[in-house]
J.: 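My questions will all concern the structure given below.
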Amino acid sequence: MHPFILNMAHSCHILVEGNPAIIYASRRGTPDKMLPILKPFLEKFWEERATSGEYSDTPDCLVAQIVVRLGFEFCEDDFSNLRVGAKFNRDVEYLYQVAADRSLSIWSTTAAYRQNPELGLQSCQPWTGQ
């Protein structure tokens, strides 16, 4: 396989505290690709929530807006690259967790996760930046 294709294929999940949806992106899931999209988006999202003073449906709005943003960023003409569901995918390498306190945590999967992805974050380790 061509090295460029390999670099683009890293998959990830995005989880939002307070919402059971599991967002799956089949490519560009590495922190060097995802963080430049996700961090500025989250800053703007939290700023707009503070301005509006509306917080009751924040997890639901956040999931919807993340899907819209990621769809705009990298779905192009292949919309199967982005999905929302209730199950963890075995091929995921990174999980991004947006907490209610507005923090963003990055987790990397382990062999235990790949054997039983339904364990979710319990079978992942904090990403160390390496």
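Quick caveat, the model's predicted, so the values are computed rather than measured.
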J.: Find out if a path of hydrophobic residues (ILVMFWY) with successive side-chain heavy-atom gaps under 4.5 Å connects I106 to L119.
T.: no
J.: Under the criterion side-chain contact (heavy atoms from CB on, under 4.5 Å), I'd like the reasoning laid out for N81 against L70: C-alpha separation, chi angles, the key distance, then a yes or no.
T.: CA-CA 10 Å; N81 295 323; L70 293 182; over 6 Å; no
J.: Of the non-hydrogen atoms in R90 and P117, which two are nearest, and what is the gap between them?
T.: NH1-CD, 3.5 Å
J.: May I ask you to decide if A99's main-chain N or O and S103's side chain share a donor-acceptor pair within less than 3.5 Å?
T.: no
J.: Please give me the minimum heavy-atom distance between A21 and V63, naming the atom from each residue.
T.: CB-CG1, 4.1 Å
J.: Roughly how far, to the nearest 0.5 Å, is the CD atom of Q125 from the OH atom of Y113?
T.: 13.5 Å
J.: So which pairs with a foot in residues 105-120 pass salt bridge (Lys or Arg N to Asp or Glu O under 4.0 Å), sequence neighbours left out?
T.: none
J.: When the ring centroid of H10 is compared with that of Y94, is the distance short of 6.0 Å?
T.: no
J.: Taking the side chain as C-beta and beyond, is there a heavy-atom pair between Y96 and S105 under 4.5 Å?
T.: no
J.: Could you go through L121 and Q97, starting from their C-alpha distance and side-chain angles, then the distance that decides it, and tell me whether this counts as side-chain contact (heavy atoms from CB on, under 4.5 Å)?
T.: CA-CA 9 Å; L121 289 177; Q97 181 185 34; 3.4 Å; yes
J.: Quick check: closest heavy atoms across N89 and R83, and the distance to 0.1 Å?
T.: ND2-NH2, 3.6 Å
J.: Given the rule that I, L, V, M, F, W and Y join up when any side-chain heavy atoms are under 4.5 Å apart, are V68 and F41 in one cluster?
T.: no
J.: Measuring only between side-chain heavy atoms, which start at C-beta, is V98 closer than 4.5 Å to E17?
T.: no
J.: Looking only at heavy atoms, what is the nearest atom pair of N19 and P59, with distance?
T.: ND2-O, 3.8 Å
J.: Can you tell if the side chain of T58 reaches within under 4.5 Å of the side chain of F45, non-hydrogen atoms only?
T.: yes
J.: Under a 4.5 Å side-chain heavy-atom rule over Ile, Leu, Val, Met, Phe, Trp and Tyr, are Y24 and V16 clustered together?
T.: no
J.: List the atom of V92, the atom of C12, and the distance in Å for their closest heavy-atom pair.
T.: CG1-CA, 3.8 Å
J.: Evaluate I23 against L15 for side-chain contact (heavy atoms from CB on, under 4.5 Å), listing each step before the verdict.
T.: CA-CA 7 Å; I23 301 169; L15 312 170; over 6 Å; no
J.: How many angstroms lie between atom CG of L38 and atom CD1 of I66, to the nearest 0.5 angstrom?
T.: 6.0 Å
J.: Just how far is it from atom CG of L62 to atom CH2 of W46, taken to the nearest 0.5 Å?
T.: 5.0 Å
J.: Please give me the minimum heavy-atom distance between M34 and R28, naming the atom from each residue.
T.: CE-O, 3.6 Å
J.: Are any non-hydrogen side-chain atoms of V67 and L82 less than 4.5 angstrom apart?
T.: yes
J.: Could you give the distance from CH2 (W107) to CG (L95), rounded to the nearest 0.5 Å?
T.: 9.5 Å
J.: Side-chain heavy atoms under 4.5 angstrom apart, residues restricted to Ile, Leu, Val, Met, Phe, Trp, Tyr: same cluster for I22 and L104?
T.: no
J.: When rounded to the nearest 0.5 angstrom, what is the spacing between OG1 in T109 and CH2 in W127?
T.: 13.5 Å
J.: Find the distance between CD (Q65) and CD (E48) and round it off to the nearest 0.5 Å.
T.: 8.0 Å
J.: Tell me which pairs pass salt bridge (Lys or Arg N to Asp or Glu O under 4.0 Å) where either residue lies in residues 57-69, with sequence neighbours left out.
T.: R49-D57, R69-E73
J.: Strictly distance-based, threshold 3.5 Å: is any side-chain N or O of S11 a donor or acceptor partner for the main-chain N or O of R27?
T.: no
